[in-house]
Amino acid sequence: MSTDQRDGEPPGDAPGPTVARMILGIQLHRMREAAGISPDQAGYEIRASRSKISRMENGQVRFKERDVTDLLTLYGVTDAMTRDGLVALAKQANTPGWWARYGDILADWFELYLGLEMAASVIRTFELQFVHGLFQTEDYARAVTVLGHTAAPKDEIERRVNIRLKRQDLLTGAKPPQVWSVIDEGALRRPVGGPAVMRAQLEHLIAVSGLRQVTIQVAPFARGGHAAAGGSFTILRFGDPDVPDVVYLEQLTSAFYLDKREDVDHYVEVMNHLSTEALTPAQSTRFLGDIIRDM
Amino acid sequence: MTQDFSATPGEPGQEGPASTAGTGIDTTVPHSARIWNYWLGGKDNYAVDRDAGDQYKAIFPGIAVVARTSRGFLTRAVRYLAGEAGMRQFLDIGTGLPTADNTHEVAQRVAPESKIVYVDNDPLVLAHARALLTSAPAGATDYLDADIRNPAAILDTAAGLLDFKQPVALMLMGIMGHFTDEEAYPIVRSLQAGLPSGGYFALYDGANTNEAFNQAQEGYNASGAVPYYLRSPAQFERFFEGLELVEPGVVPVPHWRPDPDAEQVEIYSYCGVGRKP
């Protein structure tokens with residue numbers, strides 16, 4: 001795992017572009033409501049439509065600095081500190097992430113995930129089939145990538161593996177998120193890439209589970225069926241109290257991002273059931289050792 | 001370094017309202033740790049908790065400030081215990097859901113080698129504690145699945161995790177309100193009796209000195225949630241009998257060694273820190 005800081009990474013505590021957009025959108029929404037201004041009026045002010053305003057407030061689009069300052073003026077926000085802070089956030093929101101150079105092979109829906117993952121303070125995952133990308137060894141990642149891109153040329157496979165490994169810099173960075181993963185026993189027994197690759201992967205899981213910010217819990221077959229009938233999912237939490245949790249559901253050719261409170265609550269509830277029913281972290285480490293011995 | 005232990009409660013059949021049935025999480029009844037999380041501005045709460053929390057707030061709007069300042073007491077008390085009092089071992093019973101400035105974070109900022117044993121009997125709280133309340137490398141955190149109604153079991157198991165020949169700080173932060181006087185004083189006496197001499201005891205809970213607070217609490221207790229009883233200042237004093245009270249004694253939470261920039265609010269929870277002679 002490399003720990004070098006390459007270009008394109010936002011410094012220190014600054015949120016990544018995706019979350020900067022979300023925070024800015026939430027603030028603009030609140031200020032517009034406080035000023036009693038309709039989306040139509042706001043859209044007119046910046047020569048755009050009401051749907052552009054709604055996309056801005058949902059953090060779905062890039063922000064032009066001039067649009068932000070015009071809106072702030074319309075909303076009667078005159079305090080220089082507040083204005084400067086939001087303009088700085090708009091600049092942040094437009095800074096490309098490290099993955100920009102992989103744009104040719106990355107789907108937009110996955111780039112969004114990378115932005116969220118990098119900005120999250122807590123990442124909770126339930127994995128039914130594979131070990132989570134943040135915990136994969138290079139060989140395991142290559143085996144999973146080949147499974148998903150059977151027709152891809154070798155150099156593309158290697159670039160995809162590189163992206164996955166680069167993501168893992170997060171775990172050893174200056175301010176790593178807490179990654180709390182519940183893994184179904186099936187994902188640990190399935191020898192992706194063959195027994196040797198899988199054994200190394202399991203050993204790597206034991207190693208990362210020793211990191212302070214990583215928690216691994218195994219959901220063993222012996223505990224019967226579990227609450228997540230739907231399959232693997234990820235919940236991302238952000239340090240900013242105004243930014244809601246986001247549930248990420250990956251499909252073969254797209255992904256769902258849920259941030260409505262009732263949806264998120266449901267997934268958090270399922271995740272809480274999984275975490276209380278799974279083995280404790282200490283038991284899970286022993287269990288991983290047992291699986292290796294069984295191989 | 002983390003470990004995990006379980007103290008078996010004496011009589012499982014007699015589990016009272018503070019236990020969650022089985023290993024399940026009941027999301028149909030408001031849950032005190034989750035409501036508290038809501039009042040503190042956290043995200044670990046469900047609609048049922050937010051509704052109960054809002055109903056409470058409608059009667060006693062000050063509850064969010066009570067929650068925040070009570071948490072502030074925990075921070076100041078642990079800072080005092082790890083600092084001036086030199087404590088390196090903490091037994092924190094009634095952990096609650098993680099928030100900012102958890103006990104081990106405050107203690108380990110002062111003394112990185114501090115060891116904290118978190119005790120709770122709520123499966124949701126324990127799962128969060130094991131995952132998120134993890135120690136810095138120089139210190140240690142352990143998690144104990146135990147019911148405070150069996151203090152002997154807690155002391156037995158804790159004695160294997162902490163060095164009871166050295167001082168231990170016992171913390172009961174916002175938990176004793178869940179018990180009547182008949183239950184609460186014997187529990188606290190037993191736990192204090194198990195502390196080595198030179199150890200400390202810190203507690204806060206809600207007080208019955210405000211009519212709106214009393215009313216909100218009565219409504220809450222009638223809702224099917226685990227009840228919580230507000231106490232008088234004299235009842236708080238009794239928790240500290242036989243201990244040497246640290247200045248300024250048993251006082252409203254904001255008056256206990258306030259930070260210089262502390263907000264000035266009228267608050268109706270009481271706290272204290274005592275040293276076992």
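Letters A, B, ... mirror the listed sequences (proteins, then strands); counts begin at 1.
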Notebook entry, point to check: At what distance, to the nearest 0.5 angstrom, does CG of L126(B) lie from OG of S275(A)?
Noted result: 12.0 Å
Notebook entry, point to check: Among V214(A), V268(A), D265(A), which residue forms the greatest number of heavy-atom pairs with chain B at distances under 4.5 Å?
Noted result: D265(A)
Check: How close do K43(B) and D245(A) get, heavy atom to heavy atom, and via which atoms?
Finding: CD-OD1, 3.5 Å
Note to self: Does atom CZ (F256(A)) have a neighbourhood of more than 12 heavy atoms from anything else shown, all under 6.0 Å?
What the structure shows: no
Note to self: How long is the straight-line distance from OG1 of T134(B) back to CZ of R212(A), given to the nearest 0.5 Å?
What the structure shows: 5.0 Å
Checklist line | Greater than 12 external heavy atoms within 6.0 Å of Y267(A)'s OH | finding: no
Check: Minimum heavy-atom separation for R237(A) to D44(B), with atom names?
Finding: NH1-OD2, 3.0 Å
Notebook entry, point to check: Minimum heavy-atom separation for A127(B) to T276(A), with atom names?
Noted result: CB-CG2, 3.9 Å
Check: Out of curiosity, R50(B) CZ to R261(A) CZ, how far, rounded to the nearest 0.5 Å?
Finding: 3.5 Å
Next item on the list: Working to the nearest 0.5 Å, report the span between OG1 of T280(A) and CG of D145(B).
Entry: 10.5 Å
Next item on the list: Any chance you could measure R130(B), atom CZ, to Q283(A), atom CD, to the nearest 0.5 Å?
Entry: 7.5 Å
